[in-house]
Amino acid sequence: MRLFITTNPGLEDVVVEELLARAQAADLGPIVAQPKPFGFGGQVWVEGGQRAALCEVAMQLRSVHHVFEPLHRFDVPLDGALQHIEAEVEQLDIAEMKAAKTFRVTSRRSGEHDFGSMDVQRRAGAALWRRYGTAVDLENFDVNVRVDVFENVCIVSYQRTQRSLSKRFQRRFQPRVALKASVAYALLHVAGIQAQERAELLDPFCGSGTILFEAAEVFPNLALYGSDIDHHVVDGARENARALGCAERMVLQQGDARELDAVFPDRRFDYIVTNPPYGVRFGQHLNFERFYTRVLQQVWYRLKTAGRLVIIAWKYRELARAIRLTGLFRIRLERAVEMGGLHPHIFVLDRMDREEKT
(Lines give C-alpha, C1' and ligand atoms only; values in the text may rest on other atoms or scores of the structure.)
Protein backbone atom coordinates (compact mmCIF):
# COMPACT_ATOMS: atom_id res chain seq x y z
CA MET A 1 0.00 0.00 0.00
CA ARG A 2 1.24 3.50 -0.88
CA LEU A 3 0.03 6.91 0.20
CA PHE A 4 1.11 10.41 -0.72
CA ILE A 5 0.53 13.03 2.00
CA THR A 6 0.86 16.82 1.92
CA THR A 7 1.58 19.29 4.71
CA ASN A 8 3.23 22.68 5.21
CA PRO A 9 6.84 22.66 4.00
CA GLY A 10 8.98 22.36 7.10
CA LEU A 11 6.61 20.03 8.96
CA GLU A 12 7.44 16.79 7.14
CA ASP A 13 9.15 15.18 10.15
CA VAL A 14 6.15 16.05 12.35
CA VAL A 15 3.94 14.13 9.91
CA VAL A 16 6.32 11.17 9.92
CA GLU A 17 6.46 11.04 13.72
CA GLU A 18 2.69 11.32 14.09
CA LEU A 19 2.04 8.71 11.40
CA LEU A 20 4.49 6.17 12.82
CA ALA A 21 3.10 6.63 16.33
CA ARG A 22 -0.47 6.10 15.12
CA ALA A 23 0.56 3.14 12.97
CA GLN A 24 2.27 1.50 15.94
CA ALA A 25 -0.79 2.06 18.14
CA ALA A 26 -2.98 0.49 15.44
CA ASP A 27 -0.54 -2.43 15.04
CA LEU A 28 -0.18 -1.89 11.29
CA GLY A 29 3.19 -3.57 11.05
CA PRO A 30 6.24 -2.09 9.30
CA ILE A 31 5.59 1.34 7.77
CA VAL A 32 8.14 3.35 5.77
CA ALA A 33 7.57 7.12 5.55
CA GLN A 34 9.86 9.19 3.32
CA PRO A 35 9.79 13.00 3.63
CA LYS A 36 10.36 15.11 0.50
CA PRO A 37 10.31 12.10 -1.84
CA PHE A 38 10.75 14.25 -4.97
CA GLY A 39 12.96 16.90 -3.43
CA PHE A 40 10.16 19.35 -2.67
CA GLY A 41 8.93 20.33 0.78
CA GLY A 42 5.50 19.61 2.15
CA GLN A 43 5.32 15.99 0.98
CA VAL A 44 5.58 12.55 2.59
CA TRP A 45 5.52 9.21 0.71
CA VAL A 46 4.27 6.24 2.73
CA GLU A 47 4.56 2.51 2.02
CA GLY A 48 3.45 -0.58 3.94
CA GLY A 49 0.50 -1.88 5.87
CA GLN A 50 -2.91 -3.07 4.79
CA ARG A 51 -4.82 -0.71 2.49
CA ALA A 52 -7.95 0.02 4.52
CA ALA A 53 -6.14 0.21 7.87
CA LEU A 54 -3.38 2.51 6.60
CA CYS A 55 -5.90 4.82 4.94
CA GLU A 56 -7.94 4.97 8.14
CA VAL A 57 -4.86 5.97 10.15
CA ALA A 58 -3.77 8.54 7.56
CA MET A 59 -7.18 10.19 7.57
CA GLN A 60 -6.84 10.74 11.33
CA LEU A 61 -3.57 12.68 11.03
CA ARG A 62 -3.68 16.19 12.46
CA SER A 63 -0.45 17.50 10.92
CA VAL A 64 -1.49 17.13 7.26
CA HIS A 65 -3.61 18.75 4.59
CA HIS A 66 -4.47 16.01 2.09
CA VAL A 67 -4.11 12.25 1.67
CA PHE A 68 -3.72 10.73 -1.80
CA GLU A 69 -3.62 7.15 -2.98
CA PRO A 70 -1.10 6.95 -5.86
CA LEU A 71 -2.39 5.15 -8.94
CA HIS A 72 0.43 5.59 -11.43
CA ARG A 73 3.93 7.05 -11.53
CA PHE A 74 5.86 7.71 -14.73
CA ASP A 75 8.61 9.85 -16.23
CA VAL A 76 7.66 12.92 -18.26
CA PRO A 77 9.68 13.46 -21.48
CA LEU A 78 11.08 16.87 -22.38
CA ASP A 79 9.27 16.89 -25.71
CA GLY A 80 5.56 16.21 -25.96
CA ALA A 81 5.09 16.19 -22.16
CA LEU A 82 1.38 17.07 -22.18
CA GLN A 83 0.57 14.52 -24.87
CA HIS A 84 2.44 11.88 -22.87
CA ILE A 85 0.60 12.77 -19.65
CA GLU A 86 -2.76 12.63 -21.44
CA ALA A 87 -1.99 9.23 -22.96
CA GLU A 88 -0.83 7.75 -19.66
CA VAL A 89 -3.90 9.02 -17.79
CA GLU A 90 -6.30 7.66 -20.41
CA GLN A 91 -4.92 4.14 -19.90
CA LEU A 92 -5.57 4.11 -16.15
CA ASP A 93 -8.15 1.83 -14.59
CA ILE A 94 -9.58 3.91 -11.71
CA ALA A 95 -12.22 2.02 -9.74
CA GLU A 96 -13.65 5.17 -8.14
CA MET A 97 -14.29 6.75 -11.56
CA LYS A 98 -16.53 3.86 -12.63
CA ALA A 99 -19.13 4.64 -9.97
CA ALA A 100 -18.77 8.43 -9.98
CA LYS A 101 -21.30 10.80 -11.50
CA THR A 102 -18.93 13.76 -11.48
CA PHE A 103 -15.18 14.31 -11.23
CA ARG A 104 -12.51 16.93 -11.42
CA VAL A 105 -8.75 16.96 -11.97
CA THR A 106 -6.41 19.11 -9.90
CA SER A 107 -2.69 19.50 -10.38
CA ARG A 108 0.42 20.83 -8.75
CA ARG A 109 3.48 21.47 -10.91
CA SER A 110 6.98 22.02 -9.54
CA GLY A 111 10.04 22.61 -11.69
CA GLU A 112 10.82 24.20 -15.05
CA HIS A 113 8.29 23.33 -17.78
CA ASP A 114 6.79 25.00 -20.84
CA PHE A 115 3.28 24.27 -19.53
CA GLY A 116 1.31 25.10 -16.40
CA SER A 117 -0.91 23.26 -13.95
CA MET A 118 -4.05 24.34 -15.80
CA ASP A 119 -2.72 22.73 -18.97
CA VAL A 120 -2.19 19.46 -17.10
CA GLN A 121 -5.71 19.61 -15.67
CA ARG A 122 -7.31 20.20 -19.07
CA ARG A 123 -5.43 17.41 -20.84
CA ALA A 124 -5.83 14.85 -18.04
CA GLY A 125 -9.51 15.79 -17.60
CA ALA A 126 -10.14 15.27 -21.31
CA ALA A 127 -8.49 11.83 -21.14
CA LEU A 128 -10.65 10.74 -18.22
CA TRP A 129 -13.83 12.05 -19.84
CA ARG A 130 -13.09 10.08 -23.00
CA ARG A 131 -12.44 6.89 -21.04
CA TYR A 132 -15.28 7.02 -18.50
CA GLY A 133 -17.80 9.51 -19.90
CA THR A 134 -18.13 11.04 -16.43
CA ALA A 135 -19.24 14.66 -16.18
CA VAL A 136 -16.78 17.31 -15.04
CA ASP A 137 -17.85 19.36 -12.01
CA LEU A 138 -15.25 21.56 -10.36
CA GLU A 139 -17.40 22.24 -7.27
CA ASN A 140 -19.70 19.29 -6.52
CA PHE A 141 -17.47 16.41 -7.57
CA ASP A 142 -17.58 12.79 -6.47
CA VAL A 143 -13.95 12.03 -7.35
CA ASN A 144 -10.88 14.26 -7.39
CA VAL A 145 -8.02 12.90 -9.47
CA ARG A 146 -4.67 14.52 -8.78
CA VAL A 147 -2.09 14.75 -11.56
CA ASP A 148 1.08 16.25 -10.07
CA VAL A 149 4.30 16.93 -11.94
CA PHE A 150 7.57 17.17 -10.00
CA GLU A 151 10.40 18.03 -12.40
CA ASN A 152 10.35 14.99 -14.77
CA VAL A 153 8.12 12.73 -12.64
CA CYS A 154 4.32 12.60 -12.82
CA ILE A 155 2.17 11.11 -10.04
CA VAL A 156 -1.49 10.35 -10.70
CA SER A 157 -3.46 9.87 -7.47
CA TYR A 158 -6.96 9.43 -6.13
CA GLN A 159 -7.52 12.17 -3.55
CA ARG A 160 -9.07 10.62 -0.44
CA THR A 161 -9.70 13.92 1.33
CA GLN A 162 -12.68 15.95 0.13
CA ARG A 163 -11.38 18.97 2.03
CA SER A 164 -8.16 19.73 3.81
CA LEU A 165 -7.83 17.88 7.11
CA SER A 166 -6.42 21.10 8.58
CA LYS A 167 -9.85 22.76 8.16
CA ARG A 168 -11.43 20.88 11.04
CA PHE A 169 -12.72 23.63 13.32
CA GLN A 170 -16.01 25.19 12.28
CA ARG A 171 -15.78 28.65 13.82
CA ARG A 172 -18.68 30.99 14.42
CA PHE A 173 -16.14 33.77 14.76
CA GLN A 174 -13.70 33.75 11.86
CA PRO A 175 -10.99 36.43 11.66
CA ARG A 176 -9.47 37.47 8.35
CA VAL A 177 -6.33 35.45 9.09
CA ALA A 178 -6.25 32.38 11.32
CA LEU A 179 -3.54 29.80 12.02
CA LYS A 180 -4.15 26.47 10.29
CA ALA A 181 -4.98 23.65 12.70
CA SER A 182 -2.16 21.52 11.22
CA VAL A 183 0.41 24.18 12.20
CA ALA A 184 -1.18 24.50 15.64
CA TYR A 185 -0.77 20.74 16.08
CA ALA A 186 2.88 21.01 15.01
CA LEU A 187 3.53 23.71 17.62
CA LEU A 188 2.06 21.50 20.33
CA HIS A 189 3.94 18.46 19.01
CA VAL A 190 7.37 20.12 19.14
CA ALA A 191 6.57 21.42 22.63
CA GLY A 192 6.95 17.81 23.76
CA ILE A 193 3.66 17.60 25.66
CA GLN A 194 2.84 14.03 26.65
CA ALA A 195 -0.55 12.54 25.76
CA GLN A 196 -1.89 12.18 29.31
CA GLU A 197 0.18 14.93 30.93
CA ARG A 198 -1.52 17.08 33.54
CA ALA A 199 -0.21 20.57 32.92
CA GLU A 200 -1.25 24.16 32.30
CA LEU A 201 -0.89 25.76 28.87
CA LEU A 202 -1.25 29.41 27.87
CA ASP A 203 -1.61 31.13 24.49
CA PRO A 204 -1.20 34.88 25.17
CA PHE A 205 -1.99 35.76 21.52
CA CYS A 206 -4.92 33.38 21.24
CA GLY A 207 -6.82 35.09 18.41
CA SER A 208 -9.81 32.95 17.41
CA GLY A 209 -8.43 30.08 19.52
CA THR A 210 -6.89 27.55 17.11
CA ILE A 211 -3.97 26.49 19.32
CA LEU A 212 -6.23 26.10 22.34
CA PHE A 213 -8.86 24.13 20.40
CA GLU A 214 -6.22 21.81 19.01
CA ALA A 215 -4.78 21.29 22.50
CA ALA A 216 -8.27 20.57 23.85
CA GLU A 217 -8.77 17.73 21.36
CA VAL A 218 -5.29 16.19 21.57
CA PHE A 219 -4.45 16.55 25.27
CA PRO A 220 -7.44 15.75 27.50
CA ASN A 221 -5.71 16.63 30.78
CA LEU A 222 -4.36 20.06 29.94
CA ALA A 223 -5.78 23.13 31.67
CA LEU A 224 -6.05 25.78 28.96
CA TYR A 225 -5.68 29.55 29.19
CA GLY A 226 -5.75 32.22 26.54
CA SER A 227 -5.61 35.98 26.19
CA ASP A 228 -5.63 38.59 23.46
CA ILE A 229 -5.29 42.36 23.43
CA ASP A 230 -8.56 42.81 21.50
CA HIS A 231 -11.65 42.18 23.61
CA HIS A 232 -13.74 41.58 20.46
CA VAL A 233 -11.36 38.76 19.51
CA VAL A 234 -11.59 37.28 23.01
CA ASP A 235 -15.39 37.37 22.78
CA GLY A 236 -15.12 35.60 19.42
CA ALA A 237 -12.81 32.94 20.85
CA ARG A 238 -15.29 32.34 23.67
CA GLU A 239 -18.09 31.94 21.12
CA ASN A 240 -15.98 29.46 19.16
CA ALA A 241 -15.14 27.52 22.33
CA ARG A 242 -18.82 27.22 23.21
CA ALA A 243 -19.65 26.03 19.70
CA LEU A 244 -16.90 23.40 19.88
CA GLY A 245 -17.95 22.22 23.33
CA CYS A 246 -14.68 23.02 25.10
CA ALA A 247 -15.49 26.33 26.81
CA GLU A 248 -15.49 24.76 30.28
CA ARG A 249 -11.85 23.77 29.87
CA MET A 250 -10.64 27.27 29.01
CA VAL A 251 -10.02 30.54 30.77
CA LEU A 252 -10.02 33.35 28.21
CA GLN A 253 -9.17 36.93 29.19
CA GLN A 254 -8.58 40.24 27.50
CA GLY A 255 -5.06 41.51 28.04
CA ASP A 256 -1.79 42.65 26.50
CA ALA A 257 0.93 39.97 26.33
CA ARG A 258 3.46 42.73 26.93
CA GLU A 259 1.86 43.09 30.38
CA LEU A 260 1.29 39.40 31.05
CA ASP A 261 1.97 39.78 34.77
CA ALA A 262 -1.17 41.92 34.98
CA VAL A 263 -3.28 39.46 32.92
CA PHE A 264 -2.38 36.34 34.91
CA PRO A 265 -0.71 37.68 38.07
CA ASP A 266 -1.20 34.59 40.22
CA ARG A 267 -0.52 31.79 37.75
CA ARG A 268 2.55 30.14 36.26
CA PHE A 269 2.37 27.78 33.31
CA ASP A 270 4.11 24.61 32.18
CA TYR A 271 3.83 25.55 28.51
CA ILE A 272 3.26 28.74 26.58
CA VAL A 273 2.53 28.06 22.91
CA THR A 274 1.69 31.02 20.72
CA ASN A 275 1.54 32.74 17.35
CA PRO A 276 2.20 36.49 17.85
CA PRO A 277 0.81 38.97 15.31
CA TYR A 278 2.81 39.69 12.16
CA GLY A 279 2.39 43.44 12.46
CA VAL A 280 -1.02 44.04 10.90
CA ARG A 281 -2.94 44.56 14.12
CA PHE A 282 -0.10 46.41 15.89
CA GLY A 283 0.92 48.57 12.91
CA GLN A 284 3.53 48.16 10.21
CA HIS A 285 6.05 50.29 12.12
CA LEU A 286 6.16 48.06 15.18
CA ASN A 287 9.70 47.62 16.55
CA PHE A 288 9.68 43.82 16.55
CA GLU A 289 12.95 43.35 18.44
CA ARG A 290 11.67 45.52 21.27
CA PHE A 291 8.26 43.84 21.08
CA TYR A 292 9.74 40.33 21.30
CA THR A 293 12.10 41.39 24.08
CA ARG A 294 9.22 42.59 26.19
CA VAL A 295 7.16 39.48 25.50
CA LEU A 296 10.07 37.19 26.41
CA GLN A 297 10.59 39.02 29.68
CA GLN A 298 6.93 38.70 30.60
CA VAL A 299 6.73 35.05 29.53
CA TRP A 300 9.79 34.17 31.63
CA TYR A 301 7.99 35.29 34.79
CA ARG A 302 4.78 33.41 33.89
CA LEU A 303 6.51 30.09 33.14
CA LYS A 304 7.32 27.51 35.78
CA THR A 305 10.97 26.76 36.49
CA ALA A 306 11.20 23.99 33.86
CA GLY A 307 8.66 25.64 31.58
CA ARG A 308 8.82 25.74 27.81
CA LEU A 309 7.88 28.40 25.26
CA VAL A 310 6.98 27.55 21.64
CA ILE A 311 6.59 30.57 19.41
CA ILE A 312 6.22 30.98 15.65
CA ALA A 313 7.57 34.27 14.37
CA TRP A 314 7.59 35.93 10.96
CA LYS A 315 10.31 38.37 12.08
CA TYR A 316 12.48 35.51 13.24
CA ARG A 317 15.78 37.39 13.03
CA GLU A 318 14.42 40.00 15.43
CA LEU A 319 13.17 37.25 17.74
CA ALA A 320 16.57 35.52 17.65
CA ARG A 321 18.26 38.79 18.62
CA ALA A 322 15.76 39.30 21.45
CA ILE A 323 16.48 35.79 22.74
CA ARG A 324 20.21 36.52 22.82
CA LEU A 325 19.68 39.98 24.33
CA THR A 326 17.50 38.82 27.21
CA GLY A 327 19.42 35.62 27.97
CA LEU A 328 16.25 34.17 29.49
CA PHE A 329 15.81 31.12 27.26
CA ARG A 330 17.85 28.36 25.72
CA ILE A 331 16.98 27.50 22.10
CA ARG A 332 16.08 23.82 21.89
CA LEU A 333 14.86 23.94 18.29
CA GLU A 334 14.50 26.41 15.43
CA ARG A 335 12.98 25.56 12.08
CA ALA A 336 11.43 27.33 9.11
CA VAL A 337 7.92 26.55 7.90
CA GLU A 338 6.04 27.81 4.85
CA MET A 339 2.64 29.38 5.48
CA GLY A 340 0.78 30.98 2.59
CA GLY A 341 3.90 32.39 0.95
CA LEU A 342 5.47 33.49 4.23
CA HIS A 343 8.35 31.63 5.87
CA PRO A 344 8.18 32.15 9.65
CA HIS A 345 10.37 30.19 12.06
CA ILE A 346 9.23 28.01 14.92
CA PHE A 347 11.32 28.36 18.08
CA VAL A 348 11.20 25.90 20.99
CA LEU A 349 12.70 27.65 24.02
CA ASP A 350 13.51 26.28 27.46
CA ARG A 351 13.27 28.67 30.38
CA MET A 352 16.60 29.23 32.11
CA ASP A 353 16.70 29.73 35.87
CA ARG A 354 18.56 32.59 37.53
CA GLU A 355 21.72 30.55 38.14
CA GLU A 356 21.95 29.62 34.46
CA LYS A 357 21.43 33.24 33.40
CA THR A 358 24.27 34.44 35.55
Side-chain angles (χ1 to χ4, degrees), residues 1-77 81 85 88-89 92 94 96 106-113 117 120 124 144-161 164-166 180-190 192 218 333-339 343 345-346 348:
M1 180 58 189
R2 295 185 178 94
L3 292 179
F4 183 54
I5 297 173
T6 59
T7 187
N8 292 75
L11 300 184
E12 299 85 4
D13 64 321
V14 174
V15 174
V16 171
E17 291 171 7
E18 184 190 7
L19 173 66
L20 294 181
R22 288 182 179 273
Q24 183 179 20
D27 196 23
L28 294 190
I31 300 292
V32 177
Q34 179 188 358
K36 302 181 183 179
F38 309 108
F40 297 95
Q43 306 167 0
V44 178
W45 185 271
V46 184
E47 296 188 6
Q50 192 270 338
R51 183 174 186 264
L54 181 59
C55 287
E56 181 180 357
V57 165
M59 294 291 286
Q60 296 172 0
L61 294 174
R62 308 189 71 90
S63 55
V64 311
H65 298 315
H66 287 288
V67 177
F68 309 95
E69 187 174 335
L71 304 170
H72 187 34
R73 174 176 174 173
F74 57 92
D75 292 335
V76 178
I85 291 172
E88 291 283 338
V89 170
L92 290 179
I94 305 175
E96 290 77 12
T106 53
S107 175
R108 176 187 174 186
R109 184 192 58 81
S110 300
E112 297 293 329
H113 306 97
S117 297
V120 175
N144 187 2
V145 177
R146 282 285 295 243
V147 184
D148 296 322
V149 181
F150 305 108
E151 296 289 0
N152 65 335
V153 175
C154 183
I155 305 292
V156 183
S157 307
Y158 164 56
Q159 183 169 315
R160 287 195 157 268
T161 43
S164 173
L165 294 177
S166 63
K180 288 187 180 297
S182 54
V183 179
Y185 173 85
L187 298 178
L188 295 165
H189 178 84
V190 298
V218 177
L333 172 71
E334 179 185 354
R335 68 164 64 185
V337 60
E338 192 274 329
M339 291 170 46
H343 296 82
H345 283 208
I346 296 173
V348 181

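FYI, side chains are in, hydrogens and waters are out, and symmetry mates aren't considered; it's all heavy atoms of this structure.
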Restricting to non-hydrogen atoms, name the atom on Asn8 and the atom on Glu338 that form the minimum distance, rounded to 0.1 Å.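 Closest pair (atom of Asn8, atom of Glu338, distance): ND2-O, 2.8 Å.
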
Heavy-atom nearest pair, Cys55 first then Arg160, reads SG-NE, 3.3 Å

Once rounded to the nearest 0.5 Å, what's the spacing between atom CZ of Arg2 and atom CG of Leu71?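 Separation between the atoms: 11.5 Å.
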
Expected output: side-chain [X] to main-chain [Y] donor-acceptor under 3.5 Å:
X: Gln34; Y: Val46; answer: no
X: Arg109; Y: Gly111; answer: yes
X: His113; Y: Glu151; answer: yes
X: Gln159; Y: Asn144; answer: no
X: Arg335; Y: Gly10; answer: yes
X: Ser166; Y: Ala181; answer: no

Going by the side-chain contact (heavy atoms from CB on, under 4.5 Å) test, name the single residue among Val153, Ile85, Ile155 that passes it with Phe74.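 Only one of Val153, Ile85, Ile155 forms a side-chain contact (heavy atoms from CB on, under 4.5 Å) with Phe74, namely Ile85.
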
Any non-hydrogen side-chain atom of Gln60 less than 4.5 Å from a side-chain atom of Arg22?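 Contact flag for Gln60/Arg22 side chains = yes.
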
If you draw a 6.0 Å radius around CD in Glu56, do more than 12 non-hydrogen atoms from other residues or ligands fall strictly inside?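 At most 12 heavy atoms, drawn from other residues, nucleotides or ligands, come within 6.0 Å of this atom.
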
State which residues pass side chain to side chain donor-acceptor pair (under 3.5 Å) with Thr6; sequence neighbours excluded, sorted by chain then number. none

